[in-house]
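Residue numbers count from 1 along this sequence.
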Amino acid sequence: MVLKSGFPNRLLESYDEERKPIARNLLKNTDLAFQFTVSKNPFFRFIRLRIFPLALKILLSSSFVRKTGFLRLSQLNIKYPDSGMNGSGARRSFSADAPSPGDRFPFFPLSDRQTSLDLLKNTGFNLLMFNVDSSDTELDAIKSWKNRTELDWLTMIDVEPCSGYAQIIQKWNIRQNSIMLIRPDIHVAYRSQPASLRDFQSYLSENNYPDSAP
């Protein structure tokens, strides 16, 4: 995206900023696990051969432990709450279930054939536009601005109660027209309730998104 869509080097720098602490933690835990596995210390050898297998069997019998372990190993629960790319124009609170800037966009089923991830139309930046109040014209203003500026890196997606996504709107306590910007790595970059073109433009400009001027 830096080469093709004109994003600044700040986008590349954010990867190092966000991933370096995770890499350090991974290396630390891997080193500890390796030392435990190859240690010739009699105490650690006894733990490894006698206690650990029994403890592991008991722990894996718990669905909570299996789920937590899967999320940790797969890195699906990774969050970047302190990322410099995060932003929020929220004046009204989303529910605690709603993803905050830096959180991974959650996966959950909506029906037999539909999941929350069906909202995301491509692998670029997706702007979810929750339209719950037809009298509010701010979403129309954002669409008009996007069309004028021709932001080819941004896909806008209308989310309405009648479109099958009423469960999300209710679950996340969306009472006013709102927006949520999803990054290519499916993490939330920005959210605002109610939606505000001025606040969104300020966020994009502060983070040097391409062609983000009004």
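- We find the OH-CG distance between Y165 and L128 to be 9.5 Å, quoted to the nearest 0.5 Å.
- Closest heavy-atom contact between T37 and A33: OG1-O, 2.7 Å.
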Requested in this report: Mind running side chain to side chain contact (heavy atoms under 4.5 Å, CB included) on L139 and I179 for me, showing each step along the way?
Outcome: CA-CA 8 Å; L139 294 184; I179 57 175; 3.7 Å; yes
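- Considering T155, L154, L151 in turn, L154 is the only one that fulfils the side chain to side chain contact (heavy atoms under 4.5 Å, CB included) rule with L127.
- No path of Ile, Leu, Val, Met, Phe, Trp and Tyr side chains, each step under 4.5 Å between heavy atoms, connects L32 with V38, placing them in separate hydrophobic clusters.
- Q176 has its side chain out of reach of D136: every pair of non-hydrogen atoms, C-beta onward, lies at least 4.5 Å apart.
- Using cut-offs of 30° and 60° for the angle between ring planes, the Y209 and Y203 rings count as tilted.
- The shortest non-hydrogen separation linking S116 to F105 is O-CE2, 3.5 Å.
- Atom NZ of K146 has more than 12 neighbouring heavy atoms from other residues, nucleotides or ligands inside a 6.0 Å radius.
- In this structure, S178 and Q193 approach most closely via the heavy-atom pair OG-CG, 3.1 Å.
- L49 and L54 end up in different hydrophobic clusters when Ile, Leu, Val, Met, Phe, Trp and Tyr side chains are linked at under 4.5 Å.
- Rounded to the nearest 0.5 angstrom, N207 CG and M85 CE are separated by 5.0 Å.
- Applying the 6.0 Å contact sphere to CZ of F52 captures no more than 12 heavy atoms from other residues, nucleotides or ligands.
- Contact record, R191 with P99: NH1-O, 3.0 Å, taken as the closest heavy-atom pair.
- Inter-residue side-chain proximity for L119 and N126 is flagged as unmet; no heavy-atom pair is nearer than 4.5 Å.
- Contact check for V132 versus N177: side-chain heavy atoms found under the 4.5 Å cut-off.
- Of the inter-residue distances, the one linking N131 atom CG with I157 atom CD1 reads 14.0 Å to the nearest 0.5 angstrom.
- For the atom pair CG (D103) and NZ (K79), the distance works out to 4.5 Å, reported to the nearest 0.5 Å.
- Residues A189 and R183 share a closest heavy-atom pair of CB-CG, 3.5 Å.
- Formation of a donor-acceptor pair under 3.5 Å by the D31 side chain with backbone atoms of L27 is not found in this model.
- A donor-acceptor contact shorter than 3.5 Å links the side chain of D118 to the backbone of T115.
- Atoms OG and CZ, on S192 and R198 in that order, are 13.0 Å from each other to the nearest 0.5 Å.
- Y80 and N86 make their closest contact through O-ND2, 2.8 Å (heavy atoms, listed as atom of the first residue, atom of the second, distance).
- At least one donor-acceptor pair closer than 3.5 Å links the side chain of E138 to the backbone N or O of L197.
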Requested in this report: Would you sort out whether W153 and F125 count as a ring-ring contact (aromatic ring centres under 6.0 Å, His included), showing the intermediate values?
Outcome: CA-CA 6 Å; W153 52 268; F125 282 87; 5.5 Å; yes
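- Taken together through direct or relayed side-chain contacts under 4.5 Å among Ile, Leu, Val, Met, Phe, Trp and Tyr, I47 and L59 form parts of separate hydrophobic clusters.
- The line from CD of Q201 to CD1 of I142 is 8.5 Å long, rounded to the nearest 0.5 Å.
- Between N173 and the options K171, R175, Q170, a side-chain hydrogen bond (donor to acceptor under 3.5 Å, both in side chains) holds for only R175.
- Side-chain atoms of I174 and V159, non-hydrogen and from C-beta on, never get closer than 4.5 Å to each other.
- Note on F107: it clusters hydrophobically with I169, by side-chain heavy-atom contacts below 4.5 Å among ILVMFWY residues.
- D199 places a side-chain heavy atom less than 4.5 Å from the side chain of Y190.
- Under the 4.5 Å side-chain criterion, counting only non-hydrogen atoms from C-beta, F94 is not in contact with S88.
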